[in-house]
Protein chains: 2
Amino acid sequence: MTNRTKPATIKEIAQLLNISVSTVSRGLHDHPSIGLTTRQKIKKLAKELNYEPNQTAIFLQKGSTQTIGVILPELSEAFFSTAISAIEDTAYKRNYTVLLAQSHDDEQLEKQLVEKMKNHRVDGLLVSVGKSTSSYQHFERLKQYDIPIVFFDRIPAMPNIHYVACNMETGTVEAVSYLLKKGHRNIGMINGPSTIFASSERKGGYIKALAKNRLKFDPSLIVSCDLTEAGTRDAMDNLLSKKRKPTAIVTFNDYVALFAIKYAAELKLSIGKDLEFVSYANLPMINFMEKVPTASVEQFPYMQGQKAADILLDLLNNKQRGMPEQTAYYKIIIESQLVESRKPITHKTPKK
Amino acid sequence: MTNRTKPATIKEIAQLLNISVSTVSRGLHDHPSIGLTTRQKIKKLAKELNYEPNQTAIFLQKGSTQTIGVILPELSEAFFSTAISAIEDTAYKRNYTVLLAQSHDDEQLEKQLVEKMKNHRVDGLLVSVGKSTSSYQHFERLKQYDIPIVFFDRIPAMPNIHYVACNMETGTVEAVSYLLKKGHRNIGMINGPSTIFASSERKGGYIKALAKNRLKFDPSLIVSCDLTEAGTRDAMDNLLSKKRKPTAIVTFNDYVALFAIKYAAELKLSIGKDLEFVSYANLPMINFMEKVPTASVEQFPYMQGQKAADILLDLLNNKQRGMPEQTAYYKIIIESQLVESRKPITHKTPKK
DNA sequence: TTTCTTTGCGCAAACGTTTGCATAAACATC
DNA sequence: GATGTTTATGCAAACGTTTGCGCAAAGAAA
């Protein structure tokens, strides 16, 4: 009986029991109009045959796949991999499955993936847009098909979208205030390219923190950087060549911080004494290192992924229940938060 | 024309053109029996209507979903996230999509996921089994349904399976030989729990390297460890309390190495001088750190993922082309390889 | 003109479900 | 015994494709 190569179908059960397929279907779903005895017979045989409903058939019939698509720039990056982990967890809890794809920050590829997701009839989409993506029609098109999208972390400049993102300003205010409280009065900042939104948020936070403490703002203390190791060194040279050298530096992310720290060590500067660092991301690796930024602004990748998935699934739920056209858009801002090093929050300890 | 909420179907095209659905279907597939003019008309209208085939219907019809399932213990771990990145890349290239799930090393969950994947009618499965998984019927069952599985990295103790894994012995031999060549004669090893296969492979490599150099083997230099930070410290205490202290240590993985290095630093031992470390994994974080193992045994997660996916897709290809029942099983062993630090191989530089 | 081949297209079944509607039997009501 | 109600089941359409087979029209060969 278990030696069959093809999965059992409702039809077979019906034939074997000499009843109709509709009865079997209803029986399996505990439809009240099916008699107790038949229902039991059906379930018994279904179990014996190891019957499992063919989802693809159900998908077609219901027009819904119980599947959400996820498009991310790069799966192997720590931020995204913990986000996807969160997404998968919450999707699983709510009985959805995750279709995964990575865009490698390539706009063309991203477009293709969106199409592919649409053809696979995902019920909804979660996306963090590629760095270089500049046009957003491929997302617009999905709206016409009534496939909701929730963006997270990297948000496109589009009106009327759902998203969850992290407010970098709060964290930056905290970071700078933290350094001010420690007595630093010359605080440098190695910022990202001015083209990206996150950079201006950080700059805003920096200025706000100074204003809050009634200190004057020296624009030359903020330098841009392309986030490479070489760029970081240039930025450091730039900052360290000032008459009044900074005694602390806020860096755009942990990688930049580590590049900078490495360079500072080469210059025989004592990390934490001559020069103190505060950064963003709170990468798990920080826990294993000796010379690290004394604090880092946590962006809560797990929470971002979780929230985004929850929102998407709520949207799908409402749609399916025939709720009124939602006219409101979810715009969730997670406040970033300064975390002193060696106190990880969201990252789990590696088990491998 | 573009203001429709439901995707266009073949049926609509047929109606609008006053021809039959079969003609439309064939026309879109360039079937030779369809006239040139009709074919053009069909394609033109299809384009105008933004027609895209409904994959769920095709799935049902063809009995194949062009989808592979991937079950991993933990998506957020570096090894797995780069493996999944590789899998996604190669699946994409061969026009497959990836359905993702994580087992969190939970046997029950893993079983459920396998069922779910089956119901979603994935064409094949890629899995790295959970640490605690001890029974394998859930995998056996899939065979009955003719859904091929390729295991990778963590291989279950089952006969007749396809897998790709990394041979840790070679790398270990290299690692120990490397240290011997550097003049070390007292080499310690912090190994993993003796229950797991990878531990015995490492031990075997250690012994082999000594034998090769005609040196005698002191079993007390190999200590087990539960891979936690505390366990690592115990192991270190154990090793350092010997009369003839080791001057170099091979650790089970990079995490253990870093715990050990941290501890050694606390003990005022100079890393690389008093005590040299060699490890496994070659985590990307190594590139950012100052005190690191001088070398690490690379396990090529990207390549493992890629190979595993390639094998699975080959299997699917052959099946679909009606090749004879394959009686042979792929057993791919990737040789691990010692890599001196600061020379990453497979890991891409983070872009975020 | 008749017969044969080619070319171009439609019919209908199939994939495995779900579900609105109809129907038959059994029972209760007066 | 006629009517109404409940209970249990079946019929058939629908979801959007693909594909084997049949059939008509057009051309070629006789």
Side-chain angles (χ1 to χ4, degrees), chain A residues 4-43 45-46 49-67 118-121 123 145-146 320 322, chain B residues 4-43 45-46 49-67 118-121 123 145-146 320 322:
Chain A
R4 32 189 320 111
T5 163
K6 284 292 159 206
T9 72
I10 255 185
K11 218 183 264 181
E12 293 175 358
I13 299 184
Q15 273 173 357
L16 259 49
L17 253 41
N18 252 320
I19 56 181
S20 78
V21 288
S22 44
T23 304
V24 177
S25 174
R26 284 189 254 255
L28 291 170
H29 287 84
D30 285 321
H31 191 284
S33 82
I34 302 298
L36 184 62
T37 50
T38 5
R39 203 184 318 182
Q40 286 176 334
K41 269 195 305 184
I42 293 172
K43 290 199 176 174
L45 183 58
L49 294 181
N50 249 316
Y51 169 78
E52 295 281 352
N54 182 333
Q55 296 290 357
T56 63
I58 298 179
F59 296 160
L60 177 59
Q61 151 69 30
K62 297 225 161 168
S64 133
T65 56
Q66 298 282 11
T67 298
K118 192 191 81 197
N119 297 351
H120 266 261
R121 296 297 190 269
D123 290 348
Y145 292 110
D146 213 22
Q320 152 183 333
Chain B
R4 30 188 321 109
T5 164
K6 284 290 158 207
T9 72
I10 255 185
K11 218 182 265 182
E12 293 175 357
I13 299 184
Q15 272 173 356
L16 258 49
L17 253 40
N18 249 321
I19 55 182
S20 78
V21 288
S22 45
T23 304
V24 177
S25 174
R26 283 189 253 256
L28 291 170
H29 288 84
D30 286 320
H31 192 284
S33 82
I34 301 299
L36 185 62
T37 50
T38 7
R39 201 183 319 180
Q40 286 175 335
K41 271 197 304 187
I42 293 171
K43 290 199 175 174
L45 184 57
L49 294 181
N50 249 317
Y51 169 79
E52 296 280 352
N54 183 333
Q55 296 290 358
T56 62
I58 298 179
F59 296 160
L60 176 59
Q61 151 68 28
K62 297 224 161 167
S64 133
T65 57
Q66 297 284 9
T67 298
K118 192 191 82 201
N119 296 350
H120 267 261
R121 295 298 190 267
D123 290 348
Y145 292 111
D146 212 22
Q320 151 182 336

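FYI, side chains are in, hydrogens and waters are out, and symmetry mates aren't considered; it's all heavy atoms of this structure. Computed from a predicted model, the values in this text were never measured in an experiment. Each chain gets a letter, A, B and so on, in the order the sequences are listed, and its residues count up from 1.
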B:N54 atom CG is separated from D:dT17 atom C1', nearest whole Å, by 8 Å
One should read off an interatomic distance between A:T56 OG1 and A:Q61 CD, to the nearest 0.5 angstrom, of 12.0 Å
Does A:I10 reach a base, just sugar-phosphate, or nothing at all? Heavy atoms under 4.0 Å.
sugar-phosphate
- [ ] Determine, stepwise, if the pair A:I10 / A:L28 fulfils side chain to side chain contact (heavy atoms under 4.5 Å, CB included).
- [x] CA-CA 9 Å; A:I10 255 185; A:L28 291 170; 4.1 Å; yes
Rounded to whole Å, the CG-C1' distance (A:L17 to D:dT9) equals 13 Å
Students often get this wrong, so: under 4.0 angstrom with heavy atoms, is B:T56 touching a base, only sugar-phosphate, or nothing?
nothing
Practice prompt. For residues A:F59 and A:R121, determine if any side-chain heavy atom of one lies less than 4.5 Å from a side-chain heavy atom of the other.
Written response: no
Taken to the nearest whole Å, CG/B:D30 to P/D:dT18 is 13 Å
field: Side-chain N or O of A:T23 closer than 4.0 Å to phosphate OP1/OP2 of D:dT9
entry: no
Whichever of A:V21 and B:H29 has the more 5' nearest nucleotide on DNA chain D, that residue is A:V21
Which part of the nucleic acid, if any, lies within contact of A:I58, taking any heavy atom under 4.0 Å across all strands shown: a base, the sugar-phosphate backbone alone, or nothing?
sugar-phosphate
task: Any chance you could lay out the side chain to side chain contact (heavy atoms under 4.5 Å, CB included) test for B:T23 and B:L17, step after step, and finish with the verdict?
output: CA-CA 10 Å; B:T23 304; B:L17 253 40; over 6 Å; no
### Task
Using atom types as modelled and distance alone, determine if a side-chain donor or acceptor of A:R39 lies under 3.5 Å from a backbone N or O of A:I34.
yes
To the nearest angstrom, the CG-P distance between A:L28 and C:dG16 comes to 15 Å
Phosphate contact (D:dT18 OP1 or OP2) by B:S25 side-chain N/O below 4.0 Å
yes
Assert: residue with more 5' nearest nucleotide on DNA chain C, out of B:L36 and A:E52, is B:L36
Against the side chain of B:S33, the closest entry in D:dG16, C:dG8, C:dT17 is C:dG8
From CD of B:Q55 across to P of D:dT17 the rounded distance in Å is 10 Å
Picking from C:dC9, D:dC15, D:dT19, the nucleotide nearest the side-chain atoms of B:I34 would be C:dC9
Rounded to whole Å, the CZ-P distance (A:R26 to C:dT18) equals 10 Å
Q: Give a yes/no on whether any side-chain N or O of B:S22 is located under 4.0 angstrom from OP1 or OP2 of C:dA12.
A: no
Would one find a side-chain N or O of A:K11 under 4.0 angstrom from OP1 or OP2 of C:dA14?
no
Side chain to side chain contact (heavy atoms under 4.5 Å, CB included) between B:H120 and A:T67: does it pass, once the steps are laid out? CA-CA 10 Å; B:H120 267 261; A:T67 298; 3.5 Å; yes
note: B:Q61, atom CD; D:dT18, atom C1'; distance rounded to Å ~ 4 Å
Taken to the nearest whole Å, CZ/A:F59 to C1'/C:dT18 is 14 Å
### Message
Just to be sure I understand the rule, does A:G35 reach a base, reach only the sugar-phosphate, or reach nothing, if contact means heavy atoms closer than 4.0 Å?
### Response
sugar-phosphate
Closest to the 5' end of DNA chain D, once B:A57 and A:I19 are matched to their nearest nucleotides, is A:I19
